[in-house]
Amino acid sequence: MKKLSVILFFSIVLSGVAFSQSVPKMQFKKNVHDFGTIKEEIGAVSTQFEFTNMGKSPLIIQRVSASCGCTTPSYTKEPILPGKSGKIDAKYSTTARPGTFNKTITVYTNVPDTVYVLSIKGNVTPRKR
């Protein structure tokens, strides 16, 4: 009975190790972008978050959502193969939004139990009247 328990234990551990090595893994070059001080009359600013799939299987972005309607994300739609890169673009509307801002972009993928959070921040100076 002890042998069976030991064998069962090691088979579960080894299957977990094999599973963890075969999942995708998203690694970003940066996860925060600071626009600094920008003028309201610009209308919109954008940045790009680049990432690489450091895992062993294709990475699929299921959805990307922003913390408010003033931020518009877009992203790579096709699966990203191991070792390949993709991008998430974030556009922030400065119109009628003077003051500091700190917004998040949440990325949902096929990586088990993992949600990625990106941030954009800055300060919008009001339009001169």
Side-chain angles (χ1 to χ4, degrees):
M1 187 66 172
K2 274 188 170 181
K3 274 187 175 180
L4 181 59
S5 296
V6 170
I7 291 171
L8 186 58
F9 172 77
F10 280 113
S11 66
I12 290 170
V13 169
L14 290 176
S15 67
V17 169
F19 175 74
S20 68
Q21 291 176 350
S22 67
V23 299
K25 181 181 177 191
M26 195 174 214
Q27 182 175 343
F28 285 92
K29 287 186 178 181
K30 64 178 180 178
N31 59 4
V32 175
H33 181 80
D34 187 348
F35 288 103
T37 301
I38 49 180
K39 296 180 180 181
E40 179 183 356
E41 53 266 18
I42 290 175
V45 289
S46 60
T47 189
Q48 194 170 81
F49 294 94
E50 295 180 26
F51 62 88
T52 302
N53 179 0
M54 303 300 286
K56 302 285 185 190
S57 63
L59 172 71
I60 299 168
I61 298 176
Q62 297 165 337
R63 68 185 160 101
V64 177
S65 62
S67 59
C68 73
C70 57
T71 305
T72 308
S74 60
Y75 57 94
T76 303
K77 303 284 194 259
E78 61 275 351
I80 298 92
L81 298 176
K84 299 297 181 185
S85 298
K87 62 182 179 163
I88 296 173
D89 294 316
K91 182 177 178 182
Y92 178 76
S93 173
T94 61
T95 305
R97 292 185 176 87
T100 59
F101 66 92
N102 191 350
K103 306 298 178 185
T104 59
I105 297 116
T106 306
V107 183
Y108 300 90
T109 68
N110 63 329
V111 178
D113 304 320
T114 305
V115 175
Y116 299 91
V117 179
L118 308 171
S119 298
I120 58 171
K121 61 184 180 177
N123 182 43
V124 177
T125 57
R127 185 182 307 257
K128 297 190 189 228
R129 303 197 184 250

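Hydrogens, waters and symmetry mates play no part in the numbers below; they use all other heavy atoms, side chains included.
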Colleague: So, using ring pair (Phe, Tyr, Trp, His ring centres under 6.0 Å) as the criterion, who are the partners of Phe51 when residues are at least two apart?
Modeller: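 By the ring pair (Phe, Tyr, Trp, His ring centres under 6.0 Å) rule, Phe51 matches Phe28.
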Colleague: Could you pull out every donor-acceptor pair under 3.5 Å between side chains of residues 91-106 and any protein atom, sequence neighbours left out?
Modeller:
| from | atom 1 | to | atom 2 | distance (Å) |
| --- | --- | --- | --- | --- |
| Ser93 | OG | Arg97 | NH1 | 3.2 |
| Thr94 | OG1 | Glu40 | O | 2.9 |
| Thr94 | OG1 | Gly43 | N | 3.0 |
| Thr94 | OG1 | Gly43 | O | 3.4 |
| Arg97 | NH1 | Ser93 | O | 3.3 |
| Arg97 | NH1 | Thr95 | O | 3.3 |

Colleague: So that I can tick it off, tell me whether Glu50 and Lys87 are bridged by a salt bridge, with the cut-off set at under 4.0 angstrom between side-chain N and carboxylate O.
Modeller: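 Not counted as a salt bridge, because no side-chain N and carboxylate O are separated by less than 4.0 Å.
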Colleague: Looking at every non-hydrogen atom in both residues, tell me the closest pair between Pro82 and Pro58 and how far apart they are.
Modeller: CD-N, 4.1 Å
Colleague: Around atom NZ of Lys128, are there more than 12 heavy atoms of other residues, nucleotides or ligands at under 6.0 Å?
Modeller: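 No, the 6.0 Å shell around NZ holds no more than 12 heavy atoms from other groups.
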Colleague: Might you confirm whether atom NZ of Lys30 has over 12 heavy atoms from other residues, nucleotides or ligands at distances under 6.0 Å?
Modeller: yes
Colleague: Between Asp89 and Gln48, is there a donor-acceptor pair closer than 3.5 Å when you use the side chain of the first and the backbone of the second?
Modeller: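 No, the answer is negative, given that no donor and acceptor are paired below the 3.5 Å cut-off.
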Colleague: From Ile61 CD1 over to Thr76 OG1, what is the distance, rounded to the nearest 0.5 angstrom?
Modeller: 5.5 Å
Colleague: If you measure from OG on Ser46 to CD1 on Ile120, what distance do you get to the nearest 0.5 Å?
Modeller: 9.5 Å
Colleague: Would you check, one step at a time, whether the test side chain to side chain contact (heavy atoms under 4.5 Å, CB included) holds for Met26 with Thr109?
Modeller: CA-CA 9 Å; Met26 195 174 214; Thr109 68; 3.8 Å; yes
Colleague: Hey, mind stepping through Val107 and Leu118 against side chain to side chain contact (heavy atoms under 4.5 Å, CB included) and telling me if it holds?
Modeller: CA-CA 8 Å; Val107 183; Leu118 308 171; 4.0 Å; yes
Colleague: Has Thr37 got a side-chain atom pairing as donor or acceptor with Asn123's backbone, closer than 3.5 angstrom?
Modeller: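 Flag not set: sc Thr37 to bb Asn123 has no pair under 3.5 Å.
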Colleague: Under the side-chain contact (heavy atoms from CB on, under 4.5 Å) rule, collect the residues that match up with Thr114, sequence neighbours excluded.
Modeller: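 Expected list: Val111, Tyr116.
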Colleague: Between Ile88 and Phe35, is there a shared hydrophobic cluster once you connect ILVMFWY residues whose side-chain heavy atoms come closer than 4.5 Å?
Modeller: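 As far as the 4.5 Å side-chain criterion goes, Phe35 and Ile88 are connected within one cluster.
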Colleague: Taking the side chain as every heavy atom from C-beta outward, state whether Pro112 and Val23 have any pair of such atoms under 4.5 Å apart.
Modeller: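 Contact flag for Pro112/Val23 side chains = yes.
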Colleague: Quick one: closest heavy-atom pair of Lys39 and Val124, and the distance?
Modeller: C-CG1, 4.3 Å
Colleague: When rounded to the nearest 0.5 angstrom, what distance separates CG in Asn53 from CD1 in Ile60?
Modeller: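 Reported value, rounded in 0.5 Å steps: 10.0 Å.
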Colleague: Would a distance-only check, ignoring hydrogens and angles, find a side-chain to backbone donor-acceptor pair under 3.5 Å from Asn31 to Phe49?
Modeller: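 No, the answer is negative, given that no donor and acceptor are paired below the 3.5 Å cut-off.
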